[in-house]
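For this chain, numbers begin at 1 and follow the sequence in order.
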Amino acid sequence: HSATEIGTGLLVIYGGLGSGCCRTDIALLDMRGTGGRSALVWSSPQVDGTPQCVGGRAGHGASFFNFGVREGKATFGGELLFVSGASRSARGDAHQGSVDVLTVTARPVSSARGERDISQGNANGTELILKWSEEPAWHQHMQLPQVRTASYAVFSRSLVVFGGIGERHDPEDRMYVLDVDRRALRSVILDGKGDAGDAGSE
């Protein structure tokens with residue numbers, strides 16, 4: 001499974017292996033506490049929309065990219081990317097190369113005392129809105145190698161993907177760079193010495 005911080009002390013947990021399948025649900029772990037007391041609170045927030053990979057993922061990558069400053073104001077929320085991995089079923093593992101994006105936003109909620117209702121994803125007078133992105137650019141031009149257990153690293157507003165094990169247990173030898181803002185994917189072939197070889201866009 002993946003556990004990704006989307007805000008200070010707020011984790012989204014997704015995927016992983018279940019009993020003969022992959023988990024498809026989203027869990028939220030709030031570690032911020034309330035009233036000056038520390039606490040760990042689990043919840044199952046509502047998630048709208050449908051992911052591209054409906055069978056869940058295991059051995060996948062996950063990275064969160066903040067919206068940052070919009071119209072001169074700092075905005076909470078962002079895009080949580082789930083990439084590659086494999087889906088398990090009775091027929092075996094189906095390796096994935098797709099990208100699913102969970103959009104995270106927040107809106108104020110009316111409350112007499114601004115109390116927390118974490119069961120609905122509410123905290124400190126705001127409500128988390130989680131929705132699987134339907135933006136065509138994520139699904140039409142984002143096809144990574146169908147691998148599991150690859151390595152992932154974030155550089156600025158890009159996600160770097162390297163390695164992983166394919167369907168036939170063969171290692172992937174390309175490095176991919178996913179530009180979140182441009183919705184663009186580039187690949188680089190590395191030689192045996194670890195030097196960059198030919199680069200191209202995909």
Quick one, V54 and T24 - any side-chain contact, counting heavy atoms below 4.5 Å? no
Common cluster, [X]/[Y], ILVMFWY with side-chain heavy-atom separation under 4.5 Å:
X: L10; Y: F82; value: yes
X: F67; Y: I129; value: no
X: V160; Y: V147; value: no
X: L144; Y: V101; value: yes
X: I165; Y: M175; value: no

Go through the steps for L178 and L81 under the test side-chain contact (heavy atoms from CB on, under 4.5 Å), then give the verdict. CA-CA 10 Å; L178 193 161; L81 276 60; 4.0 Å; yes
Using every non-hydrogen atom in the two residues, find where Q146 and G97 come nearest and quote the distance to one decimal.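 Heavy-atom minimum between the residues: CG-N, 3.7 Å.
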Could you tell me the separation between the CD atom of E79 and the OG1 atom of T105, rounded to the nearest 0.5 Å?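 E79 atom CD to T105 atom OG1 measures 11.0 Å (nearest 0.5 Å).
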Spacing of L17 atom CG and C22 atom SG [to the nearest 0.5 Å]: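 Interatomic distance, L17 CG to C22 SG, rounded to 0.5 Å: 5.0 Å.
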Quick one: sort the Y14 and W132 rings into parallel, tilted or perpendicular, breaks at 30° and 60°.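 It falls in the perpendicular class, over 60°.
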Does atom CZ (R23) have a neighbourhood of more than 12 heavy atoms from anything else shown, all under 6.0 Å? no
Do side-chain atoms of R157 reach the backbone of N66 as a donor and acceptor pair under 3.5 angstrom? yes
Donor-acceptor contact below 3.5 Å, side chain S2 vs main chain G61: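 No, S2 side chain to G61 backbone: no donor-acceptor pair under 3.5 Å.
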Only one of H95, Q96, E167 passes side chain to side chain donor-acceptor pair (under 3.5 Å) with R148, and that residue is H95
Only one of R57, Q52, H139 forms a side chain to side chain donor-acceptor pair (under 3.5 Å) with D100, so which one is it?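 Of all the options given, the one that passes is R57.
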Carefully, step by step, assess Y152 and S84 under the rule side-chain contact (heavy atoms from CB on, under 4.5 Å). CA-CA 11 Å; Y152 303 91; S84 298; 3.7 Å; yes
L28: which of V41, L128, L130, L11 passes side-chain contact (heavy atoms from CB on, under 4.5 Å): L128
Evaluate the criterion side-chain contact (heavy atoms from CB on, under 4.5 Å) for residue pair F64 and V12; output intermediate values, then yes/no. CA-CA 10 Å; F64 182 69; V12 168; over 6 Å; no
As a quick check of understanding, evaluate side-chain contact (heavy atoms from CB on, under 4.5 Å) for F65 and V154, giving each step before the final call. CA-CA 9 Å; F65 292 87; V154 173; 3.8 Å; yes
